[in-house]
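In what follows, a single structure is set out as structure tokens and then discussed.
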Amino acid sequence: MERQSNSLEQQSIQLDELFTTLADKKKFNGNIMVLDKGVPLYTESFGFAQLASSTMLNTDSVFELASVSKAFTAMGIMILQEQGKISYEDTIETFLPDFPYADISVDHLLTHTSGLPDYMALFEQHWDRSKIAANQDVLEQMKLHKPVVHFRPNEKYEYSNTGYVLLALIIEQVSGTSFADFMEQRIFYPLEMEKTRVYNRRYSQESIDNYAYGYVSAHHLGKYCLPDELADHDFVIYLDGIQGDGVVNSTLEDLRKWDRALYTEKLVSKETLEKAFSPVLLADHQPSDYGYGWRIRNDSGVGKVVCHGGGWPGYQTWLGRYLDHDKTFIYLSNMEQDGERTQAIIEAVENILFDRPYRIPE
């Protein structure tokens with residue numbers, strides 16, 4: 001049945017109906033925040049943070065952001081660029097000597113136009129799974145095995161986590177500090193994102209308070225469990241030390257602060273942000289739909305949208321910013337569900353926010 005929303009109060013009621021219905025049907029487990037001009041219109045938690053102890057989520061629970069992390073890595077590069085320490089046109093070997101591929105620039109890594117294959121297949125084929133890999137291992141494996149590039153730089157767009165791992169290495173090389181410390185010192189601390197950090201749970205062997213553990217469906221067992229317990233998800237362990245393409249962990253309130261900062265010049269200039277939120281032009285002069293750590297969409301009904309999703313076993317995340325209307329949707333889930341349902345939920349929320357008929361996903 002289609003529904004219609006209008007006022008902010010009515011939108012809040014409709015959002016609650018949407019997520020309460022999904023949670024009651026066990027179709028959503030996670031945290032939600034919807035902002036209107038920076039003010040929370042709707043904030044709620046549903047379900048469990050830890051199944052074994054029956055610990056419930058709360059609105060301050062800390063989630064792995066998965067690829068929503070890429071916007072933070074890109075911001076690190078933009079900060080260094082404004083300091084004159086990096087140019088977007090610099091080639092990778094400028095910072096990482098003996099890099100085995102020529103003519104790939106920082107810009108190509110940021111916009112997924114490098115042609116570099118994703119490192120996960122490389123590690124699945126060659127890595128000793130008794131060890132936990134870190135970023136330097138990604139670089140060394142590329143030097144050792146030299147996987148074939150998929151296309152020439154800027155020939156086309158192809159999403160590649162490898163580029164953002166290399167960007168994290170470049171940040172370390174240029175700043176002289178660890179990626180985690182750089183993120184803390186230059187982004188999280190200045191924005192008072194007190195509960196946000198780069199966190200590799202298995203690699204660091206450290207636990208943090210109020211953590212939302214991510215669960216996947218073990219169909220053969222008829223239950224949800226940690227991916228660590230399933231052989232076909234062993235990569236969550238042996239790839240756990242890798243940073244830049246993921247592993248920023250955060251909360252709803254900290255992500256609200258991040259969203260607000262991106263409307264200001266607290267971190268970088270408006271000109272730099274505009275470049276981040278602009279699609280790259282490919283070699284054939286066709287625009288891609290990706291900027292610097294953000295997907296970009298222009299919609300006649302909602303205006304310009306910059307957004308990014310994230311997926312990792314146990315986590316599905318999304319941060320969407322409707323720039324022309326100053327509306328934001330933050331979606332953090334720690335229970336595996338299919339991508340179609342996630343997309344249907346995002347569409348329902350967008351329709352509520354823009355006073356269009358919406359449908360609660362079945």
Side-chain angles (χ1 to χ4, degrees), residues 19 23 28-35 40 42-73 75-76 132 134 168 177-216 223-229 233 236-237 239-261 310-319 328 330-337:
F19 285 103
F28 177 73
N29 192 101
N31 284 3
I32 295 296
M33 179 180 278
V34 178
L35 304 172
Y42 182 74
T43 307
E44 196 54 81
S45 291
F46 299 93
F48 293 94
Q50 189 170 2
L51 290 176
S53 60
S54 296
T55 303
M56 305 301 290
L57 289 167
N58 58 64
T59 54
D60 291 323
S61 295
V62 180
F63 285 73
E64 154 75 66
L65 298 185
S67 285
V68 173
S69 306
K70 287 182 170 68
F72 293 98
T73 304
M75 178 58 74
I132 297 181
T177 189
S178 71
F179 176 73
D181 285 348
F182 184 88
M183 290 288 110
E184 169 62 27
Q185 294 164 10
R186 300 312 307 260
I187 301 177
F188 307 150
Y189 181 77
L191 300 185
E192 299 181 3
M193 298 173 68
E194 298 173 357
K195 296 175 182 175
T196 302
R197 57 182 296 186
V198 175
Y199 178 51
N200 303 78
R201 181 168 67 84
R202 303 157 186 89
Y203 186 69
S204 66
Q205 297 187 342
E206 175 190 6
S207 61
I208 58 179
D209 294 335
N210 200 7
Y211 193 70
Y213 288 84
Y215 294 88
V216 297
K223 66 175 184 177
Y224 283 92
C225 62
L226 293 170
D228 312 53
E229 302 167 12
H233 286 78
V236 301
I237 300 173
L239 297 180
D240 190 66
I242 295 171
Q243 304 173 343
D245 59 335
V247 303
V248 172
N249 287 244
S250 192
T251 65
L252 292 175
E253 174 58 19
D254 277 6
L255 290 172
R256 186 194 67 81
K257 294 175 180 178
W258 168 238
D259 169 70
R260 301 325 296 161
W312 193 244
Y315 296 99
Q316 285 179 301
T317 58
W318 199 76
L319 176 58
T328 305
I330 303 165
Y331 175 101
L332 306 174
S333 173
N334 64 322
M335 203 79 77
E336 180 184 62
Q337 63 185 32

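Here Met193 contributes atom CE and Ser250 contributes atom OG; the two are 4.0 Å apart, rounded to the nearest 0.5 Å. Taken from SG in Cys225 to CD in Glu336, the straight-line distance is 9.5 Å, to the nearest 0.5 Å. From Thr59, atom OG1 reaches atom CG of Leu332 across 11.5 Å, with rounding to the nearest 0.5 Å. Thr196 contributes atom OG1, which lies 13.0 Å from atom CZ of Phe63 (distance to the nearest 0.5 angstrom).
Under the rule for a salt bridge (Lys or Arg N to Asp or Glu O under 4.0 Å), the partners of Arg260 that lie at least two apart in sequence or sit in another chain are Asp326. Considering only residues two or more places apart in sequence or on other chains, Tyr199 meets the ring-ring contact (aromatic ring centres under 6.0 Å, His included) condition with Tyr211.
Note: Phe28 and Tyr331 have tilted aromatic rings, judged against thresholds of 30 and 60 degrees for the angle between ring planes.
The nearest pair of heavy atoms linking Gly246 to Ser69 is C-OG, 3.3 Å. Across every non-hydrogen atom of Ala66 and Gly311, the tightest pair is CB-N, 3.6 Å. Ala134 approaches Tyr203 most closely through the heavy-atom pair CB-OH, 4.1 Å. In this structure, Leu252 and Ile32 approach most closely via the heavy-atom pair CD1-O, 3.6 Å. Pro227 approaches Gly214 most closely through the heavy-atom pair CD-O, 3.3 Å.
Note on residues 61-72: no pairs pass salt bridge (Lys or Arg N to Asp or Glu O under 4.0 Å), not counting sequence neighbours. The salt bridge (Lys or Arg N to Asp or Glu O under 4.0 Å) analysis of residues 204-215, with sequence neighbours excluded, yields the pairs Arg197-Glu206. Each salt bridge (Lys or Arg N to Asp or Glu O under 4.0 Å) pair with one or both residues in residues 241-254, not counting sequence neighbours, appears once here: Glu253-Arg256.
Using a cut-off of 4.0 Å between Lys/Arg side-chain N and Asp/Glu carboxylate O, Asp228 and Arg202 are scored as salt-bridged.
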Using a 3.5 Å cut-off and no angle test, enumerate the donor-acceptor pairs between side-chain atoms of residues 179-188 and protein atoms at least two apart in sequence or in another chain.
residue: Asp181; atom: OD2; partner: Ser178; partner atom: OG; Å: 3.3

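With Ser61 as reference, Asn210 is the one residue of Asn210, Asn334, Thr251 to meet the side-chain hydrogen bond (donor to acceptor under 3.5 Å, both in side chains) rule.
When side chains are defined from C-beta on, Leu319 does not count as touching Thr317, because their heavy atoms never get closer than 4.5 Å.
A donor-acceptor contact closer than 3.5 angstrom is absent between the side chains of Asn31 and Glu44.
For Tyr224, the OH atom counts as densely surrounded, since its 6.0 Å shell holds more than 12 non-hydrogen atoms of other residues, nucleotides or ligands.
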